[in-house]
Chemist: 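Can you keep this structure in mind? I'll have questions shortly.
What you are looking at is a predicted structure, and each value in this text was computed from that prediction instead of being measured.
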Amino acid sequence: MGGGRSETSALSGTGGGQGMTTTQNSQRPNACCFCWCCCCSCSWNEEERRRRRRRKRISQDTKMETIPICEACTKPSVDEIRLWAQSFDKLMRNPAGRNVFREFLRTEYSEENMLFWLACEDLKQENNKNAIEEKARSIYEEYISILSPKEVSLDARVREVINRKMQDPTPHTFEDAQLQIYTLMHRDSYPRFLSSNIYKSLIHGGSRTSSES
């Protein structure tokens with residue numbers, strides 16, 4: 001993917017996922033159809049990752065019971081699957097691609113990044129004020145609160161912005177956080193996804209089907 005421009009475009013171009021009154025800072029796989037922050041205060045350093053992964057493993061059974069159903073989509077062609085390797089933007093704009101990438105993230109105990117991104121996309125489609133407040137609160141408790149096993153990794157600046165915006169939430173309350181998580185998935189998880197058995201099996205399986213037909 002080319003840079004901040006395409007990352008931001010993916011946030012606004014994909015369809016898909018409440019007020020906060022407290023001051024607290026707050027897998028069984030489903031069958032699917034087939035500005036990197038450079039400041040030294042970033043929260044996804046190696047020590048933080050180890051801490052979060054230990055906590056995720058402890059809570060894995062609970063998370064497996066609450067995983068939402070994968071997005072509805074048609075089975076991707078081998079050409080579509082190959083496009084996913086051209087850029088992260090193309091992968092994230094494709095519902096089948098998001099489902100497969102989400103399956104990969106689950107193997108790395110980081111599926112909450114995709115779930116958070118999807119929840120933010122869903123919030124941006126909402127127009128009803130009461131529904132916006134309810135969804136924003138739910139997103140905060142599920143993915144921002146330090147008490148949640150699905151807490152996503154955000155730096156202190158973004159958390160401060162969210163806490164201010166939660167006083168009067170809008171469909172774009174989590175926009176900065178969504179971009180940061182999108183960038184994290186792009187730079188950290190996406191390269192490993194392209195080298196994973198999950199992606200390779202789709203490419204090889206699709207290639208065999210095409211040659212047989």
Side-chain angles (χ1 to χ4, degrees), residues 1-17 27 29-30 32-39 42-46 48-49 52-53 56 67-68 70-125 139 143 150-155 158 172 174-207:
M1 179 163 154
R5 189 188 193 98
S6 56
E7 290 169 0
T8 305
S9 70
L11 289 173
S12 61
T14 307
Q27 281 204 44
N30 295 317
C32 298
C33 62
F34 300 78
C35 148
W36 180 246
C37 182
C38 58
C39 67
C42 285
S43 58
W44 47 73
N45 54 49
E46 193 58 36
E48 173 70 4
R49 281 190 196 175
R52 294 177 67 247
R53 290 196 179 197
K56 290 188 185 76
I67 292 173
C70 290
E71 297 178 80
C73 60
T74 57
K75 184 176 180 179
S77 67
V78 66
D79 289 336
E80 277 185 285
I81 295 170
R82 284 176 176 150
L83 283 177
W84 301 345
Q86 291 185 5
S87 74
F88 188 57
D89 183 69
K90 290 180 179 178
L91 171 70
M92 290 292 284
R93 286 182 178 276
N94 185 283
R98 291 194 297 269
N99 281 340
V100 176
F101 186 55
R102 176 179 162 186
E103 181 182 348
F104 168 75
L105 292 177
R106 195 176 307 160
T107 67
E108 294 201 330
Y109 302 96
S110 59
E111 185 187 19
E112 70 278 359
N113 290 331
M114 177 64 81
L115 296 179
F116 171 69
W117 189 88
L118 290 171
C120 292
E121 287 295 293
D122 179 62
L123 177 63
K124 288 194 291 188
Q125 307 306 312
I139 291 172
Y143 304 109
K150 297 181 185 177
E151 176 199 2
V152 296
S153 186
L154 300 170
D155 64 34
V158 169
H172 301 282
F174 302 100
E175 198 162 58
D176 289 346
Q178 188 186 14
L179 177 59
Q180 193 166 94
I181 293 303
Y182 182 92
T183 306
L184 176 62
M185 291 190 293
H186 176 202
R187 299 295 176 88
D188 188 60
S189 302
Y190 177 59
R192 290 196 299 274
F193 166 71
L194 296 180
S195 301
S196 69
N197 290 332
I198 290 176
Y199 182 68
K200 289 178 179 179
S201 65
L202 287 177
I203 289 289
H204 296 154
S207 297

Chemist: Roughly how far, to the nearest 0.5 Å, is CG of N113 from CD of E108?
Modeler: 10.0 Å
Chemist: Assess the residue pair V152 and L115 against the criterion (side-chain contact (heavy atoms from CB on, under 4.5 Å)); give the C-alpha distance rounded to whole Å, side-chain angles, the decisive distance to 0.1 Å, and a yes or no.
Modeler: CA-CA 10 Å; V152 296; L115 296 179; over 6 Å; no
Chemist: Looking at CZ of F116 and CG of L154, how far apart are the two atoms once the value is rounded to the nearest 0.5 Å?
Modeler: 6.0 Å
Chemist: Say whether, by atom type as modelled, one donor and one acceptor occur between the side chain of E80 and the main chain of S77 under 3.5 angstrom.
Modeler: yes
Chemist: Using the test side-chain contact (heavy atoms from CB on, under 4.5 Å), find all partners of N197 that sit at least two apart in sequence or belong to another chain.
Modeler: none
Chemist: Once rounded to the nearest 0.5 Å, what's the spacing between atom CD1 of I81 and atom CD1 of I203?
Modeler: 5.5 Å
Chemist: Please confirm whether the backbone N or O of L105 pairs with a side-chain atom of E111, one donor and one acceptor, at under 3.5 Å?
Modeler: no
Chemist: Side-chain contact test, heavy atoms from C-beta onward, threshold under 4.5 Å: evaluate it for Q178 versus H172 and give yes or no.
Modeler: no
Chemist: Who are the ring pair (Phe, Tyr, Trp, His ring centres under 6.0 Å) partners of F193, not counting sequence neighbours?
Modeler: F101, F104, Y199
Chemist: Mind checking the OG1-CZ spacing from T107 to R192? Nearest 0.5 Å is all I need.
Modeler: 9.0 Å
Chemist: Would you check, one step at a time, whether the test side-chain contact (heavy atoms from CB on, under 4.5 Å) holds for F174 with Y143?
Modeler: CA-CA 11 Å; F174 302 100; Y143 304 109; over 6 Å; no
Chemist: Starting from the C-alpha separation in whole Å, work towards a yes-or-no answer on side-chain contact (heavy atoms from CB on, under 4.5 Å) for R82 and K90.
Modeler: CA-CA 10 Å; R82 284 176 176 150; K90 290 180 179 178; over 6 Å; no
Chemist: Go through the steps to decide whether Y182 and D89 satisfy the test side-chain contact (heavy atoms from CB on, under 4.5 Å), and finish with yes or no.
Modeler: CA-CA 10 Å; Y182 182 92; D89 183 69; 3.8 Å; yes
Chemist: When you measure from the side chain of Q180 to the backbone of D155, do you find a donor-acceptor pair of N or O atoms at a distance under 3.5 Å?
Modeler: yes
Chemist: So which atom in P191 and which in H186 form the shortest heavy-atom distance, rounded to 0.1 Å?
Modeler: CD-O, 3.4 Å
Chemist: CG/D188 to OG1/T183 distance, rounded to the nearest 0.5 angstrom?
Modeler: 11.5 Å
Chemist: On a heavy-atom basis, which atom in M114 and which in M92 lie closest, and how many Å separate them?
Modeler: CE-SD, 3.6 Å
